[in-house]
Amino acid sequence: MGKIHQSEKLHRGLDNRHIQLIALGGAIGVGLFYGSSATIQMAGPSILFSYLVGGLVIFTIMRALGEMAVDEPVSGSFSSYANRYLGAFAGYFTGWTYWFMWVVVGMAEITVVGVYVNYWFPDIPQWLTALAVLVLITMINLANVKAFGEFEFWFAMVKVVAIIGMILLGLGIIFFGIGNGGKPIGFENLWIHGGFMPNGVTGILMSLVLVMFSFGGVELIGITAGEAKNPQKSIPSAINNVVWRILIFYIGALGIMMILYPWSEIGTNGSPFVLIFDNVGIPGAAHIINFVVITAALSAFNSGLFSSGRMLYNLSLQNNGPKYFGKLNKNGNPRRGILFSSLFLLVAVVLNYFVPEKVFIYISSVATVAVITSWTIILITQLKFRQSKTKQDIEKLAFKMPLYPVSTYLALTFLALVIVLMAFIEGMRMALIVAPVWFLILYLGYKFKNKGTTI
């Protein structure tokens with residue numbers, strides 16, 4: 001089995017409000033603002049059902065993680081738990097895959113910033129914006145964890161306020177006809193354009209892949225446990241609150257869009273967010289939403305760089321990564337891990353230089369496999385975590401997984417289904433080739449590290 005967690009020296013500087021917004025910020029990124037029109041085209045109005053099902057699975061995964069994080073709050077989170085309960089290779093595999101996922105997601109986020117900055121400044125090359133963002137966010141992360149938490153709190157707050165504003169204005173148009181000559185819109189758009197399920201069950205199934213990608217980031221709550229001031233209180237609160245908030249934001253925002261506009265037109269005439277603000281007569285609506293989307297991407301990227309640096313630090317403590325990453329700077333930050341991750345993110349700058357139009361779909365497909373792998377490890381580890389406990393230990397658990405073990409097995413089955421579905425989506429197949437190559441690299445790296453010792 002793997003080693004028990006070594007002592008971490010990270011500073012506990014994150015308040016409950018920071019943790020709540022970090023989790024929201026990680027999950028409400030480009031998936032909602034940039035990728036939602038693609039999911040709507042797949043399933044039509046029934047995409048709301050896809051988000052509901054996906055949200056329930058995410059809640060199960062988060063409760064599995066929360067059960068372990070409250071009992072053992074460390075920043076390596078599920079990599080550290082996998083190391084302890086599944087063995088050293090599992091900790092190594094999980095930690096490096098999660099690091100890889102956030103580096104890849106970071107590439108997607110800085111790509112989107114370049115796309116939206118071009119709305120204002122079309123002459124600025126996409127790669128140059130990506131480079132500027134990389135430098136800025138790296139500097140924020142090299143400050144102390146309190147500074148990171150504060151930046152993330154306000155980054156995420158901009159997104160949350162924009163989505164709430166969009167939902168409230170949309171409701172005003174639907175019920176009171178604001179911006180529509182006082183004539184309420186009604187709900188007919190949800191079923192008069194080919195029905196609620198215009199593409200049938202197939203559409204719902206195919207949409208689940210992109211839906212799950214958009215939820216990637218909620219597991220950041222587990223990473224923050226090692227730097228939370230009061231993890232026994234803040235982690236359960238964040239997990240219980242963040243899932244229903246995300247569901248409200250996704251289902252609420254997308255529901256409003258499809259009530260106001262025929263689902264088949266969403267994304268074809270510009271951002272639905274812009275159209276809603278325009279309808280109500282808010283000046284500069286396009287500029288406001290452009291700013292919000294840029295902030296959303298910066299927020300998710302900020303969270304990703306934070307977690308990748310922490311994961312490298314914890315891998316070092318497990319002896320699953322170079323000792324080089326195990327040192328903190330005077331602010332208590334894993335500076336070396338953050339800079340190493342930033343160095344890899346330069347790949348996104350290069351990709352934006354050579355193939356700017358294809359970067360997002362390639363990157364999101366690879367990230368989906370990586371995040372599903374991480375979620376799968378969380379669920380399997382939680383099964384082993386429970387099995388390692390005596391009856392008395394289980395009774396003492398402060399944040400138990402509901403409906404264990406049925407809920408865990410159902411979530412694992414769902415994740416397996418999503419991986420199978422990826423094979424039927426053209427843009428996603430590439431990930432099913434990249435993932436086995438990555439897993440092989442990890443396996444060979446582990447064997448080399450241990451010079452022939454058995455796993």
Side-chain angles (χ1 to χ4, degrees), residues 2 26-27 31 54 57-58 60-62 64-65 68-69 76-108 208-223 300 303-304 307-308 310-312 314-315 318 320-321 341 344 362-385 408-423 425 427-446 455:
V57 173
I58 287 296
T60 303
I61 294 165
M62 292 308 299
L65 177 58
M68 298 183 287
S77 191
F78 37 92
S79 168
S80 198
Y81 308 141
N83 183 58
R84 180 170 182 178
Y85 295 104
L86 300 179
F89 177 70
Y92 172 91
F93 176 84
T94 310
W96 282 106
T97 298
Y98 194 67
W99 171 82
F100 175 69
M101 182 208 89
W102 270 117
V103 167
V104 171
V105 168
M107 292 179 185
L208 288 172
V209 177
L210 288 178
V211 165
M212 296 313 287
F213 169 68
S214 67
F215 281 133
V218 289
E219 70 291 325
L220 274 165
I221 293 174
I223 306 290
S303 294
S307 60
S308 58
R310 268 68 185 171
M311 193 57 83
L312 290 178
N314 194 269
L315 280 166
Q318 295 174 31
N320 275 329
S341 300
F344 266 82
Y362 287 165
I363 287 172
S364 62
S365 65
V366 173
T368 303
V369 171
V371 75
I372 286 173
T373 302
S374 298
W375 291 339
T376 302
I377 296 284
I378 288 170
L379 293 165
I380 294 170
T381 305
Q382 190 260 341
L383 290 171
K384 290 290 186 183
F385 170 83
T408 308
Y409 287 119
L410 284 174
L412 282 167
T413 304
F414 179 86
L415 294 180
L417 170 66
V418 171
I419 292 292
V420 171
L421 290 170
M422 289 182 75
I425 300 175
M428 292 283 176
R429 286 182 202 133
M430 181 192 188
L432 299 179
I433 299 167
V434 172
V437 173
W438 170 250
F439 298 157
L440 180 63
I441 291 169
L442 284 184
Y443 177 78
L444 294 174
Y446 184 83
I455 294 172

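As the structure is a computational prediction, the values presented were derived from the model and not from experiment. For the numbers below, each heavy atom of this structure counts, side chains included, while hydrogens, waters and symmetry mates do not.
Not counting sequence neighbours, Trp96 has no partner by the side chain to side chain donor-acceptor pair (under 3.5 Å) test. Applying the side chain to side chain contact (heavy atoms under 4.5 Å, CB included) criterion to Leu432, with sequence neighbours excluded, gives Val369, Ile419, Met422, Ala423. With sequence neighbours excluded, the residues that form a side chain to side chain contact (heavy atoms under 4.5 Å, CB included) with Ala64 are Ile378, Leu379, Gln382, Met401. Partners of Thr97 by side chain to side chain donor-acceptor pair (under 3.5 Å), not counting sequence neighbours, listed by chain and number: Trp438. Under the side chain to side chain donor-acceptor pair (under 3.5 Å) criterion, Ser308 pairs with Ser341, not counting sequence neighbours. By the side chain to side chain contact (heavy atoms under 4.5 Å, CB included) test, Ser307 is found to be paired with Tyr98, Trp102, Leu220, Ile223, residues two or more places apart in sequence or in another chain being considered.
The two atoms that bring Pro436 and Ile433 nearest to each other are CD-O, 3.2 Å, heavy atoms only. For Leu442 against Tyr92, the heavy-atom pair with the smallest separation is O-CE2, 3.1 Å. The heavy-atom pair separating Ala370 from Met101 by the smallest distance is CB-CB, 3.4 Å. Minimum interatomic distance between Gln318 and Ser79 (heavy atoms only, all atoms of both residues): NE2-OG, 3.0 Å. Shortest non-hydrogen contact noted between Ala411 and Val57 is CB-CG1, 4.2 Å.
In this structure, Thr94 and Tyr81 have side chains that are not in contact, with every pair of non-hydrogen atoms separated by 4.5 Å or more. Thr60 is not listed as a side-chain neighbour of Leu410, based on a closest heavy-atom distance of 4.5 Å or more.
Aromatic pair Phe344/Phe100: centroids not less than 6.0 angstrom apart.
Within a 6.0 Å sphere centred on OH of Tyr409, other residues, nucleotides and ligands contribute 12 heavy atoms or fewer.
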So Thr373 and Phe93, side-chain contact (heavy atoms from CB on, under 4.5 Å) or not? Walk me through it. CA-CA 10 Å; Thr373 302; Phe93 176 84; 3.5 Å; yes
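When each of Leu65, Leu415, Leu412 is checked for a side-chain contact (heavy atoms from CB on, under 4.5 Å) with Trp375, only Leu415 meets the rule.
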